[in-house]
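First the structure, in the form of structure tokens, and then the observations on it.
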Amino acid sequence: MGRYFQEDIETMPYEALKKLQSERLVKQVKHVYDNVKFYRDKMDAAGVKPEDIKSVDDLKLLPFIEKDDLRDQYPYGLLGVPKSEVVRIQSTSGTTGRRVVAFYTNDDVKIWETCCARALVAAGASNEDVVHVCYGYGLFTGGPGLHGGSHLLGSMTLPMSSGNTERQLQFMQDLGSTILCCTPSYALNLAESIEERGIKDKISLKAGIFGAEPWTEEMRREIEKRLGLKAYDIYGLTEISGPGVSFECEAQQGMHINEDFFIPEIINPKTGEVLPEGEVGELVFTTLTKKAFPLLRYRTRDLCRLTREKCSCGRTHIRMSKPMGRSDDMMVVKGVNVWPSQIEQVIINLGYQANYQIVVDRENNRDSIEVQVEKTPEMAADEAFDIAKAQKKIVAGLKSMLGILVDVKVVEPKTIERSEGKAKRVIDKRNLYVS
Ligand code: DLL
């Protein structure tokens with residue numbers, strides 16, 4: 001499977017992996033205690049000394065770190081090495097508060113690129129491939145991460161960045177792109193543009209590596225069908241390094257976490273209690289080797305479950321399920337928990353494409369929720385299409401999924417803004433969650 005299927009590491013028996021993790025954890029805890037005042041203070045306050053951490057079993061003694069801690073320490077408070085050793089920064093978009101800036105040494109960048117190279121290999125890539133990267137480049141980690149991984153693998157790498165669909169399609173045809181890297185919502189946007197131009201037979205894509213936002217199995221099937229490729233999920237976050245923290249293999253049954261670099265835990269988000277394998281809860285990561293921006297027990301706010309069941313691909317690293325969204329993505333509407341992914345599932349199952357928007361509002365203390373769904377081009381061309389009947393059907397589907405009445409508006413194709421990066425599915429006008 002090529003040089004970046006790192007068989008010795010990726011198929012390591014659990015006992016050997018635990019030993020490796022424990023050795024790395026002991027070193028990492030000493031590193032942060034000696035070099036980052038924030039951790040020293042936090043560990044002192046919790047009464048934990050570096051010597052108390054002897055193996056991964058002692059992880060639970062360490063305090064959690066949250067996004068607010070990162071914001072409070074902005075910009076340099078968590079830096080674990082002298083500035084002279086930092087070669088790169090990346091940053092979150094900062095839409096929900098102050099930015100988080102993550103730092104990388106040369107080795108940190110290499111680790112991150114290794115993770116992305118493993119993800120590419122798991123999707124069938126080799127140096128024979130043309131890797132078309134249209135995640136954004138710049139502060140966002142998507143472009144630089146997959147670019148670095150592809151480079152390491154020796155594949156021809158097209159640094160397209162996001163947007164300019166015309167140019168994307170031109171290069172895709174002229175250079176024969178075989179692996180597409182972008183958000184799932186942009187993949188659909190590209191599929192639509194390919195269909196409109198009637199150029200599907202000029203496209204040679206065989207696999208796509210899609211992540212950075214939640215997407216359902218229904219959306220996966222739609223992308224695979226419309227782009228004629230196999231769609232692989234990839235997960236990551238800026239704080240922990242970027243894309244490639246975990247990735248799917250050909251089994252498409254959850255994403256293998258690069259456990260030689262990151263230890264995952266699942267906790268009850270309300271109590272912080274560590275949950276047993278298989279239960280859904282908040283994902284927490286400890287970075288084992290990163291030096292410039294080391295994070296111990298970082299609460300991601302992403303909800304998922306873990307499994308160590310045997311995977312048919314032979315990799316032994318633990319798998320995480322698709323995150324169902326972030327704990328802060330969940331809306332409480334009319335007193336009920338609502339996830340955008342539930343809505344997506346219903347509308348795709350009813351034959352619509354994943355072009356939708358959710359608008360939540362509140363008037364006189366009463367919530368309202370409206371889902372706007374686009375007609376497919378076939379529906380728009382069908383003179384007999386009965387919009388009232390179609391809307392009623394979606395209302396019924398959503399009622400049975402969510403248990404509440406949702407207003408549904410079926411709108412003309414191309415009415416809802418297309419995304420070039422992470423799609424913005426929800427407009428919540430209630431201003432309940434100002435952070
Ligand atoms: O989105 C890193 C990335 C780039 C991942 C490209 C995959 C591909 P951030 O902008 O910091 O980093 O956003 C991280 O995005 O905590 C999740 O909530 C969400 N997310 C990332 N990947 C997935 C995925 C990048 N595959 C936040 N499925 C994370 C669902 C995802 N949500």
Side-chain angles (χ1 to χ4, degrees), residues 66-67 70-71 89-102 104 112-113 115-116 118-120 122-123 131-150 160-162 179-187 208-217 219-220 223 231-248 252 254-258 262 264 269 280 282-285 293 295 298-305 319-330 339-341 344 354 419-426:
E66 307 209 30
K67 195 153 191 155
L70 268 49
R71 290 185 177 134
I89 73 141
Q90 303 286 161
S91 172
T92 58
S93 58
T95 46
T96 56
R98 241 191 317 169
R99 278 185 178 283
V100 170
V101 172
Y104 303 74
W112 176 26
E113 292 179 347
C115 291
C116 288
R118 288 180 188 171
L120 281 154
V131 178
H132 190 111
V133 184
C134 38
Y135 286 113
Y137 279 63
L139 288 172
F140 179 54
T141 54
L146 269 307
H147 180 103
S150 170
M160 301 301 301
S161 199
S162 57
I179 311 264
L180 176 64
C181 306
C182 62
T183 57
S185 52
Y186 192 54
I209 304 190
F210 306 127
E213 63 184 2
W215 54 309
T216 56
E217 284 301 328
M219 186 150 164
R220 186 211 299 270
I223 294 174
Y232 296 83
D233 203 352
I234 183 165
Y235 167 89
L237 57 166
T238 314
E239 298 90 310
I240 301 299
S241 74
V245 171
S246 67
F247 59 84
E248 261 183 351
Q252 295 179 313
M255 294 178 272
H256 291 280
I257 295 173
N258 280 303
F262 314 110
V280 174
E282 180 179 345
L283 184 59
V284 172
F285 279 113
F293 200 63
L295 293 186
Y298 178 65
R299 294 184 59 160
T300 64
R301 302 192 196 176
D302 291 322
L303 300 176
C304 68
R305 61 161 69 89
R319 280 171 291 153
M320 58 182 270
S321 62
K322 263 183 180 307
M324 47 193 300
R326 299 171 64 79
S327 50
D328 42 7
D329 265 358
M330 190 190 73
W339 299 88
S341 57
E344 182 174 301
S419 120
E420 294 181 345
K422 298 186 192 233
K424 183 156 175 45
R425 303 288 191 196
V426 182

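First listed ligand is number 1; within each ligand, the first listed atom is number 1.
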Hey, is the main chain of V426 close enough, under 3.5 Å, to the side chain of K424 for a donor-acceptor pair? yes
Given M255, K422, M320, E213, which has its nearest heavy atom closest to atom 15 (O) of ligand 1? K422
Does ligand 1 have any atom sitting under 4.0 Å from a heavy atom of K322? no
Minimal non-hydrogen separation, D233 against R220, with atom names: N-NH1, 4.5 Å
To the nearest 0.5 Å, tell me how far L283 CG sits from I257 CD1. 5.5 Å
Short version for L237: what comes under 4.0 Å of ligand 1, heavy atoms counted, is both
Is it the case that ligand 1 has an N or O less than 3.5 angstrom from some N or O of I234? yes
Among T238, L139, T92, D302, which residue places a heavy atom closest to atom 16 (O) of ligand 1? D302
Is the side chain of E213 donor-acceptor paired with the backbone N or O of S185 at a distance under 3.5 Å, no angle test? yes
Taking R299 for its side chain and P269 for its backbone only, find out whether a donor-acceptor pair lies under 3.5 Å. yes
Residues F210 and W215: closest non-hydrogen pair is O-CZ2, 3.4 Å
Between S241, C182, C181, A212, which one has a non-hydrogen atom sitting closest to atom 7 (C) of ligand 1? A212
Relative to atom 4 (C) of ligand 1, which among S246, G142, P184 owns the nearest non-hydrogen atom? G142
